Amino acid sequence: MVSNGDDNCNASDSNIWRFKGNGATSDAAAVTLRKLAFGMFKNCTLNSGKTVLFPSPGEPSASPSFKTCPEAEEAVAAAARSGMANSYAPSPGIFKARRAVADYLNGELPAKLRAEDVYITGGCNQAIEIVIESLAGNPAANILLPRPGYPHYDARAVYRGIEIRKYDLLPTRDWEIDLDGLEAAADENTVAMVLINPNNPCGNVYTYDHLTKKTCIMVISDEVYDRVVYGDKPFIPMGKFASIAPVITLGFISKGWVIPGWRIGWIAMNDPNGIFKSAGVVQAIEDCLDLTPQPSFILQEALPDILEKTPKELFAKKIKAMRRNVELSCERLKDIPCLLCPKKPESCSYLWVKLDTSMLDTIKNDFDFCTKLVSEESLVLIPGVALGAENWVRISIGTDESVIEEIFDRLKSFYGRHAFSKDPIKLNGHTVNQRVATVI
């Protein structure tokens with residue numbers, strides 16, 4: 001009850017109130033990609049006078065190669081017009097959407113998925129949240145995450161109090177998993193390992209032989225880029241090996257169909273031995289789904305037609321464009337010696353490059369590089385530290401050629417201002433590089 005009497009209640013004194021913010025949200029948000037990327041804007045002043053360029057894969061583009069197909073758009077419009085999607089959806093997702101995803105994933109899987117093995121989510125991030133929450137029953141639990149990796153896994157593990165242990169991806173071995181390091185990181189409290197294949201940010205695709213060498217640990221297989229593979233290696237779904245260890249597959253139509261704003265994804269339980277059910281994981285996932293908002297009924301209603309009626313030309317056109325963009329980007333990268341791409345990507349929408357700060361004046365690390373790049377060139381790239389790898393940079397190249405040219409024009413300009421000269425000169429009897437001489 002609110003009192004108007006003189007009871008020494010000072011409404012502006014926060015110390016007298018019995019509530020406060022949850023610090024766990026700040027700890028978790030601190031490691032998210034959004035927090036770091038948008039935080040760069042807060043910590044810098046835009047000085048270039050140029051339009052801010054924030055290339056992001058999956059975003060709508062002027063290029064026809066990076067637009068979704070009319071069939072997908074019509075599926076959503078038809079679902080809205082039908083009047084069949086105006087109510088609340090059931091927590092696990094509507095049956096026809098679950099069945100369509102199972103059919104989409106089954107392919108060459110030896111143990112076929114049923115509709116009941118699939119849960120529809122509001123994109124892959126919600127799927128990550130539900131799965132991590134469902135595995136947090138052991139207070140001593142730890143989870144194995146790749147380095148580099150996708151930071152939303154880190155954020156949800158931090159928020160839920162699950163210990164994070166990292167295993168490395170090896171650039172000298174086509175970004176294969178360091179299997180010895182993986183084994184060393186695991187113990188009796190390891191609940192799962194996360195595998196991202198095709199890999200964001202490295203752009204590799206794991207071979208059949210490499211996937212069969214995994215340890216006997218439950219796998220969360222992030223396969224959101226399964227439709228963005230343009231190299232020689234075929235994509236192998238991890239569900240093929242579910243008889244060895246159970247696999248939770250996470251998927252999302254965002255990347256393949258270039259529609260991140262539609263927010264429709266899934267969790268698929270590849271478990272022919274019934275381990276998830278006996279361990280209570282299935283029940284935990286279903287309980288979590290009862291606690292969270294359902295994805296749009298309209299999108300669920302449209303999902304079967306999106307998956308079944310999209311012409312192959314959509315993907316073929318995008319793959320052709322990505323091959324062209326990789327070649328263009330690697331050629332333009334030659335003008336920026338401080339950035340090195342150890343391996344051309346064969347999947348996803350990124351160039352993952354090593355930053356050599358020894359070639360740059362007044363640049364301390366990848367975060368400093370990216371922050372100053374925003375200030376001076378209004379170009380936003382993702383520093384590797386956000387993905388767990390210091391002095392690497394992620395460049396999004398899933399966009400129109402003209403945008404890629406602009407990205408590298410700005411990078412070249414930035415490098416030209418900050419590069420140490422290769423040719424030392426004499427100044428007052430001392431040998432110094434030309435940039436220092438200019439500053440002096």
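Along the sequence shown, residues are numbered consecutively beginning with 1. Small disclaimer: the values here were computed from a predicted structure and weren't measured.
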- Is any side-chain heavy atom of W262 closer than 4.5 Å to a side-chain heavy atom of S296? no
- side chain to side chain contact (heavy atoms under 4.5 Å, CB included) involving E133 - partner list, sequence neighbours excluded: R160, C288
- dist I248:CD1 -> M238:CE (nearest 0.5 Å) comes out at 13.0 Å
- Message: K96 vs R99, test: side chain to side chain contact (heavy atoms under 4.5 Å, CB included). Steps then yes/no.
- Response: CA-CA 5 Å; K96 65 187 290 187; R99 182 179 58 198; 4.2 Å; yes
- Give a yes or no on whether the backbone of A140 and the side-chain of N138 come within a donor-acceptor separation of less than 3.5 Å. yes
- Determine yes or no for a side-chain-to-main-chain donor-acceptor pair under 3.5 angstrom, with Q126 supplying the side chain and P293 the backbone. yes
- In Å and rounded to the nearest 0.5 Å, what is the CE to CZ distance from M269 to F276? 4.5 Å
- Heavy-atom check, side chain of L303 versus side chain of I253, under 4.5 Å: yes
- Item | Heavy-atom donor-acceptor pair, K317 side chain to K312 backbone, under 3.5 Å | no
- So with a 6.0 Å cut-off around CZ of R323, is the heavy-atom count from everything else above 12? yes
- Query: Would D209 and K213 satisfy salt bridge (charged side-chain N to carboxylate O under 4.0 Å, His left out), going step by step from the backbone distance to the final call?
  - Reply: CA-CA 7 Å; D209 288 343; K213 293 178 182 177; over 6 Å; no
- Query: Distance-only, no hydrogens or angles: does the S278 side chain make a donor-acceptor pair with backbone N or O of I275 under 3.5 Å?
  - Reply: yes
- Is K343 atom NZ crowded by more than 12 heavy atoms from other residues, nucleotides or ligands, each under 6.0 Å away? yes
- Task: Drop me the distance from K372's NZ to K364's NZ, to the nearest 0.5 angstrom.
- Result: 6.5 Å
Could you go through residues 226-237 and list every donor-acceptor pair under 3.5 Å that involves a side-chain atom there, pairing it with any protein atom two or more places apart or in another chain?
from, atom 1, to, atom 2, distance (Å)
D226, OD2, Y104, OH, 3.0
R227, NE, Y104, OH, 3.3
Y230, OH, S347, O, 2.9
Y230, OH, C348, O, 3.0

Please tabulate, one pair per line, all N/O donor-acceptor pairs under 3.5 Å involving side-chain atoms of residues 152-159, not counting sequence neighbours.
from, atom 1, to, atom 2, distance (Å)
H152, NE2, E129, OE2, 3.0
Y153, OH, D222, OD2, 2.8
D154, OD2, K166, NZ, 2.6

- Query: Under the 3.5 angstrom rule, does the side chain of D168 hit a backbone N or O of D178 as a donor-acceptor pair?
  - Reply: no
- Is the backbone N or O of N365 less than 3.5 Å from a side-chain atom of D368, with the two atoms forming a donor-acceptor pair by type? no
- Task: For T68 and W257, indicate whether the former's side chain and the latter's backbone hold a donor-acceptor pair under 3.5 Å.
- Result: yes
- Task: Could you check V258 against K67 for side chain to side chain contact (heavy atoms under 4.5 Å, CB included), going step by step and ending with a plain yes or no?
- Result: CA-CA 6 Å; V258 206; K67 283 186 174 181; over 6 Å; no
- Task: Could you verify whether a donor N or O on one side chain and an acceptor N or O on the other, from Y150 and N125, lie under 3.5 Å apart?
- Result: yes
- Item | Contact summary for T32 and A28, nearest pair of heavy atoms | CG2-O, 3.7 Å
- For residues V393 and I382, determine if any side-chain heavy atom of one lies less than 4.5 Å from a side-chain heavy atom of the other. no
- Task: Write down the atom of I404, the atom of I397, and the distance for their closest heavy-atom approach.
- Result: CD1-O, 3.5 Å
- Item | Check: Y415 ring centroid to F369 ring centroid under 6.0 Å | no
- Query: Are D174 and T207 close enough that some pair of their side-chain heavy atoms sits under 4.5 Å apart?
  - Reply: no
- Can you tell me how far the OH atom of Y119 sits from the CD1 atom of I267, to the nearest 0.5 Å? 8.5 Å
- Task: Check whether any side-chain heavy atom of P345 sits under 4.5 Å from a side-chain heavy atom of V326, and report yes or no.
- Result: yes
- Query: Is the CZ atom of F95 crowded by more than 12 outside heavy atoms at less than 6.0 Å?
  - Reply: yes
- Item | Within-4.5 Å side-chain heavy-atom neighbours: D400 and F66 | no
- Can you find a heavy atom in the side chain of V353 that is under 4.5 Å from one in the side chain of L340? no
- Task: For the pair E376 and R410, evaluate salt bridge (charged side-chain N to carboxylate O under 4.0 Å, His left out) and give the outcome as yes or no after the intermediate values.
- Result: CA-CA 9 Å; E376 298 178 24; R410 296 190 192 188; over 6 Å; no
- For N189, does its backbone N or O pair with a side-chain atom of D187 as donor and acceptor, under 3.5 Å? yes
- For atom CZ of R173, is the number of surrounding heavy atoms from other residues, nucleotides or ligands below 6.0 Å larger than 12? no
- Passes side chain to side chain contact (heavy atoms under 4.5 Å, CB included), K354 versus N391? Steps please. CA-CA 6 Å; K354 179 69 175 173; N391 286 337; 4.1 Å; yes
- Sub-4.5 Å side-chain heavy-atom contact between L145 and R165: no
- Query: Does the pair E223 and K255 meet the rule for a salt bridge (charged side-chain N to carboxylate O under 4.0 Å, His left out), with working shown?
  - Reply: CA-CA 10 Å; E223 300 178 0; K255 310 304 181 185; over 6 Å; no
- Can any side-chain N or O of D366 pair as donor or acceptor with the backbone N or O of G384 at less than 3.5 Å? yes
- Stepwise, does the side chain to side chain contact (heavy atoms under 4.5 Å, CB included) test hold for R263 with L299? CA-CA 8 Å; R263 311 306 299 169; L299 267 297; over 6 Å; no
- Query: For the side chain of N106 and the backbone of L109, is there at least one donor-acceptor N/O pair under 3.5 Å apart?
  - Reply: no
